[in-house]
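Step one of this worksheet: look at the structure below.
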Amino acid sequence: MFEAFNISSEHWDGKSSWAAVSLDGLFIIEGSVDGNRILKVNGIVDSKSNVNIGLRKSYRHLICEIVDGEKRIEFTQYRASQVTATHKKLNFMLYVHPTGKKWAIAENHTKVVVMFKNDQTLGRWVLYENNLIDLTSEAGIAERIRVINSKEGKGYNLDGLINYSGVIKQ
């Protein structure tokens, strides 16, 4: 799995450039996105190489899969945000599913921040700051409540209030 940054645009669309660092820190990939939003790999180097990642305008997780003997780099099925110092100061409501999946939610001023950990994330915590839910409006607050109720309806149970460093130790 890789943490990727779009170098040239906030959108992962045709002709934008990106760089990705493997989560184990061993490899760096440089690539581009074609007109069909397919990720193209332009080069792979080890982490000791000097690569200009440039401005980190847009952040995504990528996964390397082998399909018919060919390696493919593709977007993960979830969105991710880069963790900031502000996120590390938040307190989260931690929810646990009987199958072992975990989900946490917090408020960052006017935005909802969620963290999740499951098979799709390879057992790693992923943070996502939702810019679409505005907590300054009644509709935004209602949407936050709807999201929590949806998780509870899927079998998640509240485990408690916990800070960021406590969440990632789970």
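In this text the structure is predicted, and so the values were computed from the model without any measurement.
- When all heavy atoms of K154 and H97 are compared, the closest pair comes out as O-NE2, 2.9 Å.
- Atom CG of residue N163 and atom CG of residue L94 lie 11.0 Å apart, to the nearest 0.5 angstrom.
- A pairwise comparison of heavy atoms in I133 and G140 identifies CG2-O, 3.2 Å as the closest pair.
- Annotation: the span from N91 atom CG to E107 atom CD amounts to 11.0 Å, rounded to 0.5 Å.
- Across all their heavy atoms, R124 and T121 have their closest contact at O-OG1, 2.7 Å.
- Contact record, K111 with L135: O-CD1, 3.6 Å, taken as the closest heavy-atom pair.
- For D119, the CG atom sits in a loose shell: 12 or fewer heavy atoms of surrounding residues, nucleotides or ligands are nearer than 6.0 Å.
- Proximity of a side-chain donor or acceptor of N36 to a complementary backbone N or O of I38 within less than 3.5 Å is not detected.
- For the atom pair L127 CG and K117 NZ, the distance stands at 14.5 Å (nearest 0.5 Å).
- Of the inter-residue distances, the one linking K169 atom NZ with I162 atom CD1 reads 9.0 Å to the nearest 0.5 angstrom.
- When each of N108, V112, V114, V83 is paired with E129, the side chain to side chain contact (heavy atoms under 4.5 Å, CB included) condition holds for N108 and for no other.
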Steps toward side chain to side chain contact (heavy atoms under 4.5 Å, CB included) verdict (V113, N130): CA-CA 6 Å; V113 177; N130 189 327; over 6 Å; no

Side chain to side chain contact (heavy atoms under 4.5 Å, CB included) between E143 and I141, worked out: CA-CA 5 Å; E143 180 63 14; I141 294 168; over 6 Å; no

Steps toward side chain to side chain contact (heavy atoms under 4.5 Å, CB included) verdict (K102, D159): CA-CA 10 Å; K102 297 182 179 182; D159 194 49; over 6 Å; no

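- Looking at every heavy atom in both residues, W125 comes nearest to W103 through CH2-N, 4.2 Å.
- Atom CE of M93 is separated from atom CG of L161 by 8.0 Å, given to the nearest 0.5 angstrom.
- Counting heavy atoms from C-beta on, the side chains of V96 and K101 never come closer than 4.5 Å.
- Residues P98 and G155 share a closest heavy-atom pair of CD-O, 3.2 Å.
- To the nearest 0.5 Å, atoms CZ (F92) and OH (Y164) are separated by 7.5 Å.
- Under the 3.5 Å distance criterion, with hydrogens and angles disregarded, no donor-acceptor pair is assigned to the side chains of E152 and N157.
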Chi angles and distances behind the side chain to side chain contact (heavy atoms under 4.5 Å, CB included) call for W18, E30: CA-CA 6 Å; W18 56 271; E30 292 181 292; over 6 Å; no

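- In this structure, K151 is not positioned above the aromatic face of Y95 in the sense of NZ or CZ being under 6.0 Å from the six-membered ring centre and within 45° of the axis.
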